[in-house]
Each structure stands twice: as structure tokens, then as C-alpha cells.
Amino acid sequence: MYVADSRSSKAPVAPADTRPGRREAADGPGPGDGPRRGTGRRTVARAAVPGTVVALGVVSLVTDVSSEMVSAVLPLYLLTGLGLSPLGFGLLDGIQNGFSAVVRLLGGHLADRRGRDGAPRHKAVAAVGYGLSALCKPLLLLAHTVPLIGAVIAVDRTGKGLRTAPRDAMISLATEPAHRGRAFGVHRAMDTAGALLGPLTAFLVLRLAGGPMLADGGQQQGYHAVFAVSGCVAVLGVLVLLLFVPNRLADADAACDGFDGAGPSSGAEASAGRPRLRDGLALLRIPGLRRLTVCAVLLGLTTVSDSFLYLLVQRRLGLSVEYFPLLPLGTAGAFLLLAVPLGALADRIGRRRLFLAGHGVLLLAYGLLLSPLDGPVAVVCVLLLHGSFYAATDGVLAAAAADTVPAERRGAGLALVGTGQALARFACSLAFGALWSAVGGTTALTWSALALAGCVTGAAFVLRGPGDNPVTTPGGPAPTTDDPEVPS
């Protein structure tokens with residue numbers, strides 16, 4: 001296990017030695033070297049994922065088990081147990097994204113502010129965020145009305161908003177630029193392993209607690225057991241963060257982390273050491289970050305939330321409510337299997353290209369759900385496409401954004417992109433809930449699919465140009481800038 005300390009956590013990559021006879025030391029054994037062939041590639045792959053990323057992956061895995069236990073049963077608990085309307089659920093579901101989005105900017109800003117030792121406060125801010133979410137799980141045992149549940153969800157999402165940008169900043173700063181896609185893929189794969197285990201754990205807890213998930217809400221002890229176990233698991237995630245994630249990264253990170261484009265006032269902010277909150281918005285002057293943020297907002301406006309998608313699958317195909325918590329397993333399984341290979345693919349072909357392609361996959365999932373096909377095969381295909389969408393977009397967007405932001409403002413820059421996307425998804429939840437209530441779920445999904453097709457086309461236009469060249473690997477040609485306007 002990776003033990004936290006103050007040593008550097010940057011993945012070591014040896015510089016290439018071009019002297020005759022020394023190729024093997026830099027690139028690994030060449031052709032004809034027998035069983036040692038390929039050892040260099042395996043060494044580079046291992047070096048691409050430093051210990052900090054693995055430790056943060058464990059934290060996310062444990063925390064996601066806790067969060068997804070609740071997320072798996074909450075839609076059914078609210079709609080069938082408490083009688084909430086689709087519009088009301090859309091409001092609560094939007095709160096989850098809305099509160100997280102608003103607080104994410106604050107979390108990124110606070111994480112970039114340096115403490116008395118001169119180090120950023122990434123770990124401290126992330127710990128507060130994880131701690132808030134852990135405290136909220138047991139509170140669901142005491143909340144039996146929609147307003148109280150909404151308040152608990154708001155606090156929980158506040159914790160998520162605080163921790164997301166600092167966590168992603170730590171991943172990007174600990175990883176060589178050429179391997180960021182792979183590193184984020186590894187983290188998201190571990191995170192998704194928790195998302196895979198969470199619904200399964202909820203399903204088992206409901207079974208062991210006794211009594212089915214009754215639609216009339218007459219027996220709720222199963223739900224309460226899920227909330228209690230979820231709280232215990234969340235505390236374990238906080239402990240892993242405190243014990244095994246280093247307090248600071250290498251001092252050299254800010255100077256040589258492979259930032260591809262200098263933005264306005266980045267040098268002033270670095271020298272000040274205590275950036276102001278409004279300075280985060282000034283980062284939108286960086287062309288690459290601005291374009292990514294615009295595209296994240298456009299596509300987020302047409303991304304139907306997971307909960308609504310699972311409800312549509314359950315109602316269209318007439319699945320029993322007791323199997324509803326298992327639906328996220330298909331999404332999580334595909335995400336888990338594809339996150340690392342797609343992250344590595346993004347490093348080679350371009351992260352923005354793969355981000356757009358992922359939304360094309362989501363459009364296929366919508367089309368399949370709207371098609372006349374039904375039965376278990378259709379369910380599996382929709383969930384696999386849904387998981388592939390996340391594998392091609394979630395970590396890939398963070399890796400692409402990290403390339404455009406200087407290290408000393410990495411938290412704020414990642415928060416800007418994430419906030420834009422989250423606010424857009426908040427609006428989408430509200431709009432989709434209202435459409436479902438007015439015209440039905442199928443018609444609402446049809447309109448969303450048409451809008452998504454238009455937004456993918458628009459995002460491709462915004463991201464056009466030579467700035468999407470793949471990031472090179474160590475020892476290869478120097479990486480290109482993210483934007484043709486920005487000098488390398």
C-alpha cells in the first residue's frame with residue numbers, strides 16, 4: 001500500500017539516452033533480444049500510473065461504494081415510497097448536480113491557495129469534501145420528507161463539489177503529461193469499481209434486511225439499512241485518504257508539469273501564491289480551456305441523468321422493481337473495462353476527439369432505447385453503450401483540461417470545466433423532468449436525442465482545428481500546444 005509522506009509522487013520517466021548502444025536503457029530491449037523484449041513498454045506503462053493516483057483511486061472506490069448504494073435505491077425510494085412526481089424528482093436530481101457545480105469552483109480555488117509551508121491545499125480540501133459526504137449518509141435515516149432529503153442531498157453534493165477539483169488536480173500534477181489519459185483512466189476505473197460494487201451491495205443489504213422494496217412505502221427498514229451501511233463505508237474512504245495520500249507533491253511540479261499553453265496572468269498568480277476567487281474566471285481567457293468549457297456545457301445540456309435513464313429502461317421493459325438497483329451494474333461494468341484502454345487511446349489519438357466520440361456513443365444508446373427492440377438483450381446493449389460513453393468522456397475531459405491550465409491554477413481550471421458541465425446537467429435534469437411530466441418519458445427522450453445530435457455537431461465545430469493532436473510519449477517528439485494561438 002502507498003504510504004503518505006512528503007516525497008515526490010511524480011511518475012519517474014528516465015530521459016532517453018541517444019548514445020550508441022544505450023537504446024535499450026531508454027526504450028527497453030529492441031527486436032531480437034529474446035525474452036526481454038517488451039520489458040521497456042511494461043516499465044513505461046507502470047511508470048505512467050504513480051502511487052498517488054492508485055491511492056486516490058482506492059479512496060474513490062470506497063467512497064463510490066457508499067454513494068452508489070444510496071443512488072441505486074434513492075429514485076425508487078422517492079418515486080414509489082414517498083410518492084414524488086417525476087418533476088419533483090427532476091428537481092432533486094438537479095440539486096445533486098447544481099450544488100456540486102456551485103461549490104466546485106470554491107473547492108478548486110481553496111485547493112490552489114498555498115498554506116504556510118508553501119504547498120497547495122489539495123489534500124486538505126479534498127478531505128473536507130469526503131468528510132461532509134460521509135456525515136450525510138446517516139442523516140438519511142432521520143429525513144423522511146422531501147424537503148429534508150433535499151437538504152441532505154445538497155450537503156452531500158457540497159462535499160462532492162469540494163473534493164472533485166482538488167482530487168483531479170492531484171492526479172494531473174502527479175502524472176507525466178503524456179500519460180494523463182491513462183492515469184485518469186486508471187483512477188476512473190477504480191472509481192467505477194466502487195460504482196459497480198455499490199448497487200450490488202445495496203441489493204444484498206436489502207435482501208438481508210428482510211422485506212421486499214414495497215411500492216407503498218409500508219416497510220422501509222431495507223432502505224434504512226442501506227443508508228446505515230453506506231455511512232460506515234464512507235468513513236473508511238476518508239481514513240484511506242488521510243493515511244495513504246501524500247500531503248504535497250514534488251516542488252518541481254509547478255515548473256515542469258508539461259503545461260502546453262501559457263494563459264494570461266498565470267505568472268502573476270503564481271507569484272502571488274494566494275489567488276483570488278475571481279481569478280478563476282479569468283482562466284477562460286485561455287483559448288483551449290474556453291473551448292472545452294463551452295463544449296462541456298453544450299453537451300451537458302442534452303445528457304439525460306443516469307437516474308432518468310434507468311427509470312426509462314425499467315418502465316419500458318417492465319422490469320421488477322426489486323431488480324432496479326442492479327441496472328447501474330451494466331453501466332459500471334462497461335466503464336470499468338473500458339476506462340483504461342480508452343484513456344490510453346485518448347493519449348494517442350487526441351483527447352478531445354475521443355470526448356466527442358463518446359457522446360456519439362451516448363446518442364446510440366438513446367436511439368436503441370427508443371427503438372422497438374426490447375428484452376434483456378436490449379437492456380444490456382443500452383447499459384453497455386452508457387458505460388462506454390462515460391469511459392470515453394469522464395476522465396478524458398479532465399485530462400484534456402489539465403493540458404490547458406498552468407499547474408499553480410490547476411484546481412481552479414478543472415473546476416471551471418466541471419462546473420460548466422454540472423450546471424448544464426442540472427438544467428437538463430429540470431427540463432427532462434418537466435418534459436416527462438408533460439409529454440411522457442419516451443417523447444422527452446426523443447427530443448433529448450435530437451438535441452444531443454445537434455450539440456455534438458456544434459461541439460465538433462468549436463473544437464475544430466489542429467489543436468487536437470495526440471500527446472506524445474516520453475522520448476518522442478515534443479508535444480504540440482493545445483491551441484494554435486498559444487505559443488509552445
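Computed from a prediction, not measured in an experiment: that's the story for all the values here.
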- Message: Under a 3.5 Å threshold, yes or no: a donor from one side chain and an acceptor from the other, between T192 and Y390?
- Response: no
- Between CZ of R409 and CD1 of I286, what distance do you get to the nearest 0.5 Å? 10.0 Å
- Query: Below 4.5 Å, heavy atoms only, C-beta onward: do P246 and T52 meet side chain to side chain?
  - Reply: yes
- Item | Considering all heavy atoms, the nearest V53-T175 contact | CG2-OG1, 3.6 Å
- At their closest point, which heavy atom of L173 faces which heavy atom of A407, and how far apart are they? CD2-CB, 3.6 Å
- Message: Distance check, rounded to the nearest 0.5 Å: T442 atom OG1 versus W436 atom CH2?
- Response: 8.5 Å
- Message: Test your reading of the model: is there a side-chain donor-acceptor pair from T457 to the backbone of A453, 3.5 Å cut-off?
- Response: yes
- Note on the structure: Sorted by chain and number, sequence neighbours left out, ring pair (Phe, Tyr, Trp, His ring centres under 6.0 Å) with F227 holds for Y77
- Message: With heavy-atom distances below 4.5 Å as the criterion, would you say the side chains of L309 and L369 are in contact?
- Response: yes
- Looking only at heavy atoms, which two atoms of G418 and R104 are closest? And how far apart? CA-NH1, 3.1 Å
- Taking the side chain as every heavy atom from C-beta outward, state whether H122 and D112 have any atom pair closer than 4.5 Å. yes
- Message: side-chain contact (heavy atoms from CB on, under 4.5 Å) for M69 and K137? Distances and angles first, verdict last.
- Response: CA-CA 10 Å; M69 285 179 65; K137 301 302 188 299; over 6 Å; no
- Message: Enumerate the ring-ring contact (aromatic ring centres under 6.0 Å, His included) contacts for residues 359-379, please, sequence neighbours excluded, ordered by first and then second residue.
- Response: F355-H359, H359-F389
- Side-chain donor-acceptor contact under 3.5 Å, S230 with S66: yes
- Residues passing the salt bridge (charged side-chain N to carboxylate O under 4.0 Å, His left out) test with R188, sequence neighbours excluded, are D168, D394
- Message: Given L362, which partner from the list V456, V304, L299, L452 fulfils the side chain to side chain contact (heavy atoms under 4.5 Å, CB included) test?
- Response: L452
- Below 4.5 Å, heavy atoms only, C-beta onward: do I153 and L74 meet side chain to side chain? yes
- Message: Would V379 and L327 count as a side-chain contact (heavy atoms from CB on, under 4.5 Å) here? Give the steps.
- Response: CA-CA 9 Å; V379 175; L327 288 177; 4.2 Å; yes
- Message: Rounded to the nearest 0.5 Å, what separates atom CZ in R167 from atom CG in L241?
- Response: 11.0 Å
- Between L423 and V297, is any pair of side-chain heavy atoms under 4.5 Å apart? no
- Task: Check whether any side-chain heavy atom of F244 lies under 4.5 Å from a side-chain heavy atom of V58, and answer yes or no.
- Result: no
- Would you call the rings of Y310 and H386 parallel, tilted or perpendicular if under 30° counts as parallel and over 60° as perpendicular? perpendicular
- Query: Taking all non-hydrogen atoms of both residues, which atom of A189 and which atom of V340 are closest, and how far apart?
  - Reply: CB-CG2, 4.0 Å
- Look at the side chain of R182 and the backbone N and O of A344, then say whether any donor-acceptor pair between them is shorter than 3.5 Å. no
- Indicate yes or no: at least one non-hydrogen side-chain atom of S60 is less than 4.5 angstrom from one of M190. no
- Message: Could you tell me if S133 and R163 have a donor-acceptor pair between their side chains, going purely by distance under 3.5 Å?
- Response: yes
- Message: Within this structure, what is the OG1-CG distance for the pair T201 and L196, rounded to the nearest 0.5 Å?
- Response: 9.5 Å
- Message: Strictly distance-based, threshold 3.5 Å: is any side-chain N or O of R410 a donor or acceptor partner for the main-chain N or O of V405?
- Response: yes
- Query: So which heavy atom on V62 is nearest to which on G237, and how close?
  - Reply: CG1-N, 3.4 Å
- Output the distance between atom CG (L342) and atom CG (L354), rounded to the nearest 0.5 Å. 5.5 Å
- Give the minimum heavy-atom separation between A398 and L414, together with the two atoms involved. O-CD2, 3.5 Å
- Rounded to the nearest 0.5 Å, the OG1 atom of T293 sits from the CG atom of L416 at a distance of 6.0 Å
